[in-house]
Every structure is written in C-alpha cells, then in structure tokens.
*Asks:* 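Here's a structure for you.
Chain naming here is simple, since letters A, B, ... match the order of the sequence lines and numbering starts at 1 in each.
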Amino acid sequence: MVSPGFHARVYACVRVVPAGFVTTYGDVATVLGSPRVARHVGFALAALDDPGVPWHRVINAAGRISHRGDLVRAELQRRRLEAEGLVFDESGRLALARHRYRFPTTALPLSDADP
DNA sequence: GGTTTGACCATAA
DNA sequence: CTTATGGCCAAAC
C-alpha cells in the first residue's frame with residue numbers, strides 16, 4: 001500500500017481496537033495526525049464495507065453512539081458493544097474512561113512513510 | 001473545478 | 001441539562 005486513502009487509514013486504526021474497548025472519532029483522527037478530521041472518521045465508517053473492521057467500537061467523545069438519524073445502526077452497535085462486555089448507563093452512555101482504548105504511540109499501521 | 005455534505009468536537013450561553 | 005455556532009477537511013456530486 002503506497003497510496004493509502006484516508007478511509008484506508010481509518011479502517012486500519014479501527015482494526016487495532018481490541019474487543020471490549022472503544023475509541024472515539026476524535027481519537028482516531030488524532031492518531032491519523034489531524035484531530036480535526038473526526039468527521040471524516042465517521043464519514044469513512046459510513047462508507048465502510050469490510051466486516052473485518054469493528055466499526056461498532058467507535059463512538060463519539062461524549063461516550064454515546066452517534067446515529068445521526070440511523071437508529072437501526074445505533075441499536076446494532078449498542079448490541080455488539082454489550083456483547084463484548086461493555087455496559088451503558090441510564091443515559092445511554094458508557095464509561096469511556098474505563099473502556100477507551102489507547103492507541104500505541106508507535107508501531108501503528110500507518111508507517112508507510114517516515115516524517 | 002467549485003459546491004455540498006457529513007456516524008464530529010470544543011466552546012459558549 | 002440543552003441548543004447554537006464555528007471550524008475542519010476528505011469524498012461525492
């Protein structure tokens with residue numbers, strides 16, 4: 001992969017998140033190098049067509065599921081997260097502080113080029 | 001090619 | 001707690 005598109009990088013990051021943990025759009029964007037492209041992380045996942053990518057482990061900074069109208073997707077996401085042991089509180093949020101996955105500072109699947 | 005759009009985020013009121 | 005606003009930048013049109 002010599003010319004990784006933005007989507008491909010998003011998928012690579014999400015693929016790293018282990019089961020039982022979650023990450024946020026902003027975190028993924030930050031790991032990719034720009035904390036301001038959080039929207040594109042969601043945009044990339046919206047166009048996702050790879051069952052190997054655990055898209056359900058990506059939530060927003062508030063610890064809630066971003067459905068943006070698609071409640072069906074949100075319910076599926078919540079179900080998958082609960083199946084991995086995550087627990088939502090009464091407000092529909094989950095303990096981000098406990099389950100947030102920390103991306104390694106090195107050895108990320110983005111090392112296609114050196115800064 | 002410019003314009004629109006978005007599974008967001010931080011801040012302010 | 002909620003709503004409003006500005007910013008951001010890669011795809012789709």
*Asks:* Can you tabulate the close N/O pairs, meaning under 3.5 Å, that link protein atoms to atoms of nucleotides 9-13 of chain B?
*Replies:*
from  : atom 1 : to    : atom 2 : distance (Å)
B:dC9 : OP1    : A:A61 : N      : 2.8
B:dC9 : OP2    : A:A61 : N      : 3.1

*Asks:* CD1 of A:I59 to CG of A:L94: how many Å apart, nearest 0.5 Å?
*Replies:*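 Output value for this atom pair is 4.0 Å.
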
*Asks:* By nearest heavy atom, map A:H7 and A:R39 onto DNA chain C; which one lands nearer the 5' end?
*Replies:*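 Its nearest nucleotide lies further toward 5', so the answer is A:R39.
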
*Asks:* Rounded to the nearest angstrom, tell me the gap between atom CH2 in A:W55 and atom P in B:dC8.
*Replies:*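 Computing the A:W55:CH2 to B:dC8:P distance gives 13 Å.
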
*Asks:* Nearest whole angstrom, please: distance from the P of B:dA7 to the CG of A:L71.
*Replies:*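 Rounding to the nearest Å, CG of A:L71 and P of B:dA7 are 13 Å apart.
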
*Asks:* Is the closest side-chain heavy-atom distance between A:P54 and A:R80 below 4.5 Å?
*Replies:*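 With C-beta onward as the side chain, the pair stays apart.
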
*Asks:* Between C:dG7, C:dA11, B:dA7, which nucleotide has the shortest distance from any of its atoms to the side chain of A:A46?
*Replies:*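 From the listed options, B:dA7 comes nearest.
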
*Asks:* Using the test ring-ring contact (aromatic ring centres under 6.0 Å, His included), find all partners of A:F43 that sit at least two apart in sequence or belong to another chain.
*Replies:*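 So A:F43 forms no ring-ring contact (aromatic ring centres under 6.0 Å, His included) with any residue.
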
*Asks:* List the atom of A:T24, the atom of A:V58, and the distance in Å for their closest heavy-atom pair.
*Replies:*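 Smallest heavy-atom distance, with atoms named: C-CG1, 4.1 Å.
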
*Asks:* Measure the distance from CZ on A:R73 to P on B:dG6 and round it to the nearest whole Å.
*Replies:*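 That distance rounds to 15 Å.
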
*Asks:* List for me each residue that meets salt bridge (Lys or Arg N to Asp or Glu O under 4.0 Å) alongside A:R15, sequence neighbours excluded, and say none if there are none.
*Replies:*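 If we apply the salt bridge (Lys or Arg N to Asp or Glu O under 4.0 Å) test to A:R15, skipping adjacent residues, the hits are A:D50.
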
*Asks:* Under 4.0 Å, heavy atoms only, any strand: does A:R93 hit a base, just the sugar-phosphate, or nothing?
*Replies:*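 It contacts sugar-phosphate atoms only.
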
*Asks:* Tell me: CZ of A:F6 to C1' of B:dC8, nearest whole Å?
*Replies:*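 Distance, rounded to whole Å: 11 Å.
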
*Asks:* So, OP1 or OP2 of C:dC8: does either fall under 4.0 Å of a side-chain N or O from A:R36?
*Replies:*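 No, no such contact exists.
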
*Asks:* Atom NE2 of A:H67 and atom P of B:dG6: how far apart are they, to the nearest Å?
*Replies:*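 Value for this atom pair: 15 Å.
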
*Asks:* Are more than 12 heavy atoms, taken from residues, nucleotides or ligands other than A:E75, located less than 6.0 Å from that residue's CD atom?
*Replies:*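 Not buried by this count: 12 neighbours or fewer within 6.0 Å.
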
*Asks:* Specify the separation, in whole Å, of atom CG of A:D70 and atom P of B:dC8.
*Replies:*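 Computing the A:D70:CG to B:dC8:P distance gives 11 Å.
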
*Asks:* Just how far, in rounded Å, is C1' of C:dA12 from CG of A:D49?
*Replies:*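 Between C1' of C:dA12 and CG of A:D49: 17 Å.
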
*Asks:* Do the numbers put A:R57 on top of the ring of A:Y101, so that NZ or CZ is under 6.0 Å from the six-membered ring centre and no more than 45° off the axis?
*Replies:*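 No; the conditions do not both hold, so A:R57 does not lie above the ring face of A:Y101.
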
*Asks:* Whole-Å distance between C:dT2 C1' and A:R64 CZ?
*Replies:*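 Distance check: A:R64 CZ to C:dT2 C1' gives 12 Å.
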
